[in-house]
Amino acid sequence: MTGLGTSDPLTTVVGSIVFWIAAISGIVAAFMMVFQIRNMVRQALALTVVLGGIAGMYAIMGADFLAVVQLVVYIGAIIVLMIFAIFMTPGQVDNPGQSSAAQRAGAGVVAVLVFAASYFAITSQRWDVRGAALDISTIGPIGGLLFTRYLLPFEIVSALLTVALVGAIVIARED
Amino acid sequence: MQAQLWTILGLPLMAFVVIVFFTRRSKDLSSFVAIGAMFGSMLLAYATFIQVAGGARAVSEFEWLRLFPAGASEAAGESGTALRLGIQADPLTALMLVVVTTVSFLVQVYSRGYMVEHGHKDPGFSRFFAYLSLFTFSMLGLVLANNLLFLFISWELVGLSSYLLIGFWYQKPEAWIAAKKAFITTRIGDIGFLIGLLILWNVGGSLQFTDLFEQADLRSGALFNASLLGQPVLFWACLGLFAGAVGKSGQFPLHVWLPDAMEGPTPVSALIHAATMVAAGVYLVARTFPLFEAVPQALSVVAFIGGFTAIFAGTMGLVNNDMKRVMAFSTVSQLGYMMLALGAGSIAAAMFHLFTHAFFKALLFLSAGSVIHATETNDVREMGGLRRKMPITFATMLIGSLSLAGFPLLSGFWSKDEILVAASENANVVLFAFAMLTVFLTAFYTFRMFFLTFAGAYRGHHHPHESPPVMTVPLILLAIPAAAVGLWGSPWMGFGFQRFLEGDRFREPVGSTPVMLTSVVLGLAGIGLAYAMYGMRQPAINPRTVGARSGGLYTLLLNRWYVDELYMWILDKLAIGTGAVLAAFDRQVLDGAINALAELWRGLGSGLRGLQSGRVQNYGLYLFGGVAAIAFALLVAQGGMAR
Amino acid sequence: MNASQFLVPGLQHFLVFGSLLFSLGIYGALSRRNAIAILLSIELMLNGVNILMVAFSRYITTTQELAGQVFAMFIISVAAAEAAVGLAIVIAVYRQRRTLQVDQLDLLKG
Amino acid sequence: MRPSPTITLPAVTPDDLANGLLLLLPVLVVVVTATIALILDLAPPEWVSRRFLQWVSAFGLVVAIVYVAALAPLAQRSPRAFGGFLALDSFALFFEFLFLVAALLVILSANTFADRQESAEGEFYVIALFSTAGLMLMAQAAELISIYVSLELSSLGLAFLAASNKRDRLADQGRKSTEAGMKYLLLSAMSSAILLYGMALMYGISGATTLADIARAFSRDSTPAVILSMAMIIAGFGFKIAAAPFQLWTPDVYQGAPTPATAFFSVASKAAGFAVVLRVLNEALPGLTVEWTGVFGVLAFITMTVGNLVALVQTNIKRLMAYSSITHVGYLLVGIATASPFANSGILYYLLAYTFTNMAAFIVITIMARYVPDDSISGYVGLAKRAPILALGLTAALLSLAGIPPFVGFFAKLYLFLAAIERGNLGLQFLVVWAVIMSALSLYYYGRVIHAMWMREVEPAVAATQTEPLRTAFSQWVALAASLVGVLFTGLAAAPLLAAAQTAANTLTP
């Protein structure tokens, strides 16, 4: 197994520490978010913790640009949007409990099954791992790729954002 | 001649289109369009018939589309397989053309009188003629087709238009229930038809009759060599085709729709339940007969179903008081005869009986329609004494009934005789006995109905009088072929019918005299018995008291009447009892089974409907559950393969 | 694998972490009653997938090294759009029914 | 930081770009039309009538159809652009044609729905056009990222369309509409997540996102990861095509969505799902044919059985059509399980037949929605007397769905099943027999509607309220006539369409 940044001990140690902090806090926050927290605002904050941890992981995997995007778009936009929505739906902020026991049991079984399948698949696969990290700043290349190789999906996403814009305005508009 | 054939087919379709889109508002105009088109078709059909009798044959087909091109399969070959559609004329087709167009024409003329009530034309008058035209078009397509695909398409159209016709009076719940029942019951048979068609296509590689017959003739093609469940695949294909025929021709166990279908207007019954649609099953088997011939097992099935249906339906006819239903049972029974003949290997006998039956049964139905029109009821217990009030109907009905009962020298006599001879030669002895017994039953119930209608005093509440000429003229016109058309196939005319149909393959039957005599005696006995019970002013045997009196025993030697009494007793308690039991079986068990099946499906549907809880997370559960199920199923299968 | 190897995160660490988030997201999406909570859980699932994408992008031998990161970027932008439309619909539902409990939103069923 | 190894960007010349745009022309036309419509929609209704918007949208779609036809010769060489991301083969063109026809019919028939709105009509056309563009791109995309974003483009649009009836106060339709939109959006997001997980694994295993490169890695050996990614891809697309057990959203969304949107769901969205499934299975996963044919065989059986059985007990015509559409998906999956060029062309032809047939039915249902706000089947009682031509159209469509000749539905089934039988596989033959039985059973519930229209009397109390004549807009007549021509003649004169389907299916397989 090729660990994180094998060439540089400092990177390895710092990276490992960041990973474990992000992973453990992320898992705990996610766990609490789905199992425990009733209040919607706190749920959104728990998700923010997860997302922040993930941004850290992106950073240690050398996806610096993506880490910034994660912070700006996810935490800065999506979560804020969610919190707005939560505030606009008074009476629903304190989530009155969860679904029926049968539904929860089913959800648990299904989630465990999916996890088991993925765990089995991931660990049994002999991944074709490459030695060295791609140790570059990714902003430039990603920007370049978006306008060359990934031009088509980029253009499609622009149409998609238009649809979302128009759709969201029309649907959410007061009658 | 090709253009002529397409015109025969096209005229009724044109009439349908014209009526629906243009003349719908004018009732008279609509009916004239339909009748005019039919008349044209009929004349052309006669012309075709004469040409075919003179030895002419015609095929007109075009390549409809090309399946599986670009050489991607070994089975389909380099250039793919062409699916051709077309029509043809040969003796079998020419014969059916004559029957269909003649009966259809007369029925349409008659309907102009029948669909009038108290001087008012039925509100759906135009619609009725549109449906009739559509039906005739479909039926003509069915008989003209030169391949199974086109035949199947027409076959389904026949089903559809008969659905519309049976349910024509949709205000009556019985009518639309019957229509639905007819449509769905015949569709059950059609599943078999379609499967047979797929087998023939897959293994035989073609749906053209000529291509298929070449393979079957040789008894060596892939159809014969490939086997499934220990039988040649051709056997299953034939069984599938026959299932379709069983549905359309109302054979056991799919006969249940036909008696109910009598809820339609009586001219409809005459057209589709006597002469055309129900005959389609017989025609299908006759048309694909070379296939059946190659697998004798399939022919045995046909013979058995036919023979059993003949007697089964006959016994049920004994106990019914609804005029049209009795005729429906009789139709089922006669169709059973035709199937029996086919099973015994004689297309000529089957088609001959189909031919004569079409005329005399249509005549019977139309006469019954005339009676029903006058008395406004179907129930024979509310009729009686109509001989003087409706002399023309009386005469035509008598001719029809005698013909049906196989009275010597009338049409039915010759054709029924042919079937009995064929059965005596080639069929199982039990089936032959069934057929003979059915002769007696047929004569009895036909004349029971006849006497109840015309003899004695009127028991109803209306003031019946003879129908208008627009109805009686078609009756008279139909009475002529009903009486005389059988002569064509008689020895006196050198078996002209059989020679026409079979050509060189025809051989004169030998040793048929004892069979013929027996059947005549049985038929006369049936008529006599009916007369004794229902025809005499003072019945020699009072049917009402038969049951009571049969309990008081007379000694064996008391008088010679005792034989008759015993006979009565047997008849009443055994035959009529059996009939009642069979009818009850039919109603309770078969209908029950079909209803239970429907209920089962609906129950399953309601159960599955519970999954649709309306809760989005529930749906999500199935979404993710489905992923897990697929993944694990594949992983397990993978593991199994790896080991 | 010994302890030190386990502590140094590699490809599989990230993959397992991503899968765990994905599964927690599944559980949340199927068990929380509030429609917004379901949307939050779906974001969790998408982030699990994104971890996978970026990890593959970082670790596997490929000629398209950045494809995973680009994919993740597209997923983030689509998620934003989806959240916008989703929340709009949720708010419309709330205005009509004064509730977001998805198990009470069952006018359509059967 | 160390000096970085550079990522070499692929060179893109103006020629490449021009070439790519050429292949995108039909999509571009649709997007430009949508944009124009969007701008026009911003103007106050007094300046630009909404009816005008309808005709603008329809005109744009017709132009796009013309471009599709014009590109057909070019497609023979199946050129690719944008570095292999975009394919323009006959397969893609066939589906583009199908989507455009469906969208055109939907837009032409949308009047009644729009009449019930205070606004939102303009947006309906705009988003329907964008959604169509998304579907067209799904058919053209040959790379995971493009497939995903175009799928989302269409899904978001469809979620909007489902919820766009929210102001309707008749019979709770407004609430049902938003509920439908929410259900579709949530479930579609969940299924996208699954799909993405599968795509991530695909990328991880093969290191590539283009289908052709994936095929190379996936032909080696099927490890658990390979299997899992395939299962997840199947589930993700299974949601889009509504195969059981991923079909549960269909009836609810079909019922709640405004009827033109339902028509679009049932025809175009479903066909796009099939386009992607066929392309991904045949171009990326040919090495796993044994596995996925097995999966789809089982799914086909479950799907057609469930759809048929539940349809038996429905009283709402839109729900009935939803279950009917599930059943038809079951039949189509038999074709996928067959996995032969013949079967693929059979699927294409079937989809086209289904487009015409279902559109004919839905146009009548759209027209009737004004008079039967709750879409109950009993609302159709006596339609034959009130509006014989509409009743005739709906009857023809339903009979075609039931597979009765001479309507196109029969020929489509026949061809598809012949192709399945042709494989000579016992399991497939069983599926075909079962499908034939199921389609006979389907006659029962289609017959109920026909029966209501033709053979039941309107109750006097109801008849008193039905004094006004049915209003049908000119554009709706046009749409109905066009789809009925399809129902009647694409079966009897199948040769050209079938040839097109065969050409399209042949370009698919490598």
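The sequence lines fix the lettering, A, B, ..., with proteins before strands; numbering per chain opens at 1. Worth saying up front: this structure is predicted, and the values here are computed from it rather than measured.
If you tally non-hydrogen atom pairs under 4.5 Å between each of Ala117(A), Ala164(A), Gly167(A), Gly140(A) and chain D, the highest count goes to Gly167(A).
Neither the backbone nor the side chain of Tyr148(D) comes within contact range of chain A; no heavy atoms are under 4.5 Å apart. Proximity to chain D (any heavy atom under 4.5 Å) is restricted, for Ser124(A), to the side chain, taken from C-beta onward. At a 4.5 Å heavy-atom cutoff, Ile147(D) makes no contact with chain A through either its backbone or its side chain. Neither the backbone nor the side chain of Ile227(D) comes within contact range of chain A; no heavy atom of the residue lies under 4.5 Å from a heavy atom of that chain. In this structure, chain D has a heavy atom under 4.5 Å from the side chain of Thr162(A), while its backbone stays farther away.
Of all heavy-atom pairs between Met232(D) and Val114(A), the closest is CE-CG1, 4.2 Å. Closest approach of Val166(A) to Ile127(D), counting heavy atoms only: CG1-CD1, 4.0 Å. Residues Ser146(D) and Pro153(A) come closest through the heavy atom pair OG-CD, 3.7 Å.
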Report task. Report the C-alpha distance between Phe160(D) and Val163(A) in whole Å, list the side-chain angles of each, state the deciding distance to 0.1 Å, and finish with yes or no for side-chain contact (heavy atoms from CB on, under 4.5 Å). Result -> CA-CA 9 Å; Phe160(D) 168 84; Val163(A) 169; 5.6 Å; no

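To the nearest 0.5 Å, atoms CG (Leu201(D)) and CD1 (Ile122(A)) are separated by 6.5 Å. Rounding to the nearest 0.5 angstrom, the gap separating the CG atom in Leu137(D) from the CG atom in Leu160(A) is 11.0 Å. Note that CD of Glu123(D) is 9.5 Å distant from CD1 of Ile171(A), once rounded to the nearest 0.5 Å. The CD1 atom of Ile156(A) sits 12.0 Å away from atom CD of Glu152(D), with the distance rounded to the nearest 0.5 Å. Once rounded to the nearest 0.5 Å, the distance linking CD1 of Ile145(D) with CZ of Phe154(A) reads 13.0 Å. Distance CZ/Arg149(A) to OG1/Thr209(D): 8.0 Å, rounded to 0.5 Å.
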